[in-house]
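Both counts, for ligands and for their atoms, begin at 1 and track the order of listing. The figures that follow rest on heavy atoms only: side chains count, while hydrogens, waters and symmetry mates do not.
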Amino acid sequence: MNIYDLTIHELKDKLAEGELTPAEIKDAFSNRINEVEDKVKSYITITEELADEKVKDYENNKDEILAGIPIAVKDNMSTDGIETSCGSKMLENYKPPYNAAVIECLNKAGAVIMGKTNMDEFAMGSSTENSAFFNTHNPWNLKHAPGGSSGGSAAAVAAGECAAALGSDTGGSIRQPASYCGVVGLKPTYGMVSRYGLVAFASSLDQIGPITKDVEDSAIMMNVIAGHDEKDSTSVKGKKEDFSKYLKNDVSGMKIGIPKEYFELDFNEEVKQSVLAAVDKLKEAGAEVETVHMTDAAYALAAYYVIAPAEASSNLARYDGVRYGLRSEEADDISTMFTNTRHQGFGDEVKRRIMIGTYALSSGYYDAYYLKAQKVRTLIKDDFDRIFNDFDLVITPTAPNTAIELGSKSDPLEMYYTDIFTVPINIAGVPAISIPCGFDSNNLPIGLQMIGPHFEEGKIIQAAYTLEKLLNIKDKRAEL
Ligand code: GLN
């Protein structure tokens with residue numbers, strides 16, 4: 001295997017055994033970036049010098065969890081003095097004066113940050129095509145999208161341009177691109193990972209999580225980023241867990257629910273069969289699998305596309321050209337400056353969301369849309385609570401399809417439909433992982449989603465680790 005194909009834990013082993021030096025590792029990933037980045041285009045910014053500095057500093061960090069490990073970060077996490085564009089013209093060249101909490105965690109853990117990855121503008125999208133800068137290409141087939149909105153992070157991991165990456169997930173943006181790129185993506189329970197310094201999209205749904213080459217790396221990354229942070233008022237108090245203790249090859253007696261209503265939706269047959277075949281393997285390994293009934297996911301999708309735009313319309317009001325970010329020069333008075341700045345700085349999808357959100361919150365419509373959506377949200381959360389009284393996990397496909405072709409979906413509603421299986425999880429605030437479970441007839445990866453109760457990332461990690469062993473496809477890499 002090439003150095004750039006190795007997982008975090010494999011690289012750590014090689015460092016510990018003295019088989020590789022941090023400089024050799026960093027160079028292997030940098031060379032890989034030089035070799036494939038023209039084709040894949042995962043990164044908006046590459047932080048070569050900082051990475052070299054961190055490698056030089058290795059001796060001072062060498063006992064930390066991620067010492068010497070190359071990591072990529074989605075471009076909506078604030079990095080002190082380093083451009084954090086959020087995939088938007090509005091924040092092009094914006095250099096935050098502080099680090100997001102997760103960046104502090106990575107730094108403390110000795111990680112070598114390789115750069116900031118491409119994304120849909122303000123994390124709104126499912127293919128990374130809403131980036132204001134360029135498209136990212138799926139390493140499994142360059143004509144296809146990597147998914148989104150953390151498409152740059154997922155593509156970078158799949159292409160060996162970093163060992164692992166951070167993404168953010170508001171309605172599926174870690175899991176869906178992980179599924180499309182054949183890697184592992186974990187969305188933690190809401191409140192498990194600090195959102196301090198994450199550029200806000202929909203604050204009640206946003207959560208940061210890892211995108212990795214395997215489940216073991218996901219547990220390692222969670223050990224680095226999870227935990228209470230007083231700078232985020234929604235951060236959960238409690239003692240830090242060691243997620244690696246759940247890396248156990250055992251699902252015997254685990255109760256898994258298969259939601260009938262989800263599998264009855266109209267979606268790709270190859271995806272459905274691949275997920276069901278994986279479920280059979282878990283059953284053979286001793287899991288108890290039962291069909292369960294859940295609220296139609298279409299209600300969650302409808303509620304999401306009211307709640308998320310409503311919160312976004314409020315969060316994005318701050319981009320007015322006054323304090324930071326883009327300011328339109330073509331204005332004689334302040335009100336025209338506001339208008340022109342927002343007109344020039346935001347792309348079409350972001351404008352669409354701001355308009356929908358403002359409409360849903362306006363007086364007269366608030367009760368009909370926003371309030372109703374919040375009630376649906378409660379019903380969905382109750383639905384998961386009810387299921388998890390009797391079951392340890394629920395399994396669904398991650399996405400209703402495999403990676404779409406770039407430029408193939410121009411209707412926003414069709415694009416929104418790719419979030420059908422991931423959105424209910426954010427609505428309920430529960431954790432979920434996407435792991436690769438097979439390939440379609442075009443050799444594009446298929447993702448399986450495991451959902452657990454609040455704060456039960458451990459159960460998910462254990463079941464996903466076991467399934468990964470049963471499927472034995474985790475070392476298959478995209479050929480570039
Ligand atoms: N695709 C969804 C959207 O466009 C989810 C995005 C996300 O999770 N950030 O809103």
NZ or CZ of Lys272 within 45° of Phe267 ring axis and under 6.0 Å: yes
Where at least one partner belongs to residues 145-194, residue pairs that pass ring pair (Phe, Tyr, Trp, His ring centres under 6.0 Å), sequence neighbours excluded: none
Cation-pi check, Lys476 onto Phe439 ring (under 6.0 Å, within 45° of axis): yes
Test side-chain contact (heavy atoms from CB on, under 4.5 Å) applied to Pro431 and Thr189, Ile461, Ile425, Ile451, the passing residue: Thr189
Plane angle bin for Phe388 and Phe384 - parallel if under 30°, tilted between 30 and 60°, otherwise perpendicular: parallel
First-shell residues of ligand 1 [heavy atom, distance under 4.0 Å]: Ala123, Met124, Gly125, Ser126, Ser149, Asp169, Thr170, Gly171, Gly172, Ser173, Phe201, Tyr304, Tyr305, Arg353, Asp419
Quiz item: cation-pi between Lys351 and Phe346, 6.0 Å / 45°: no
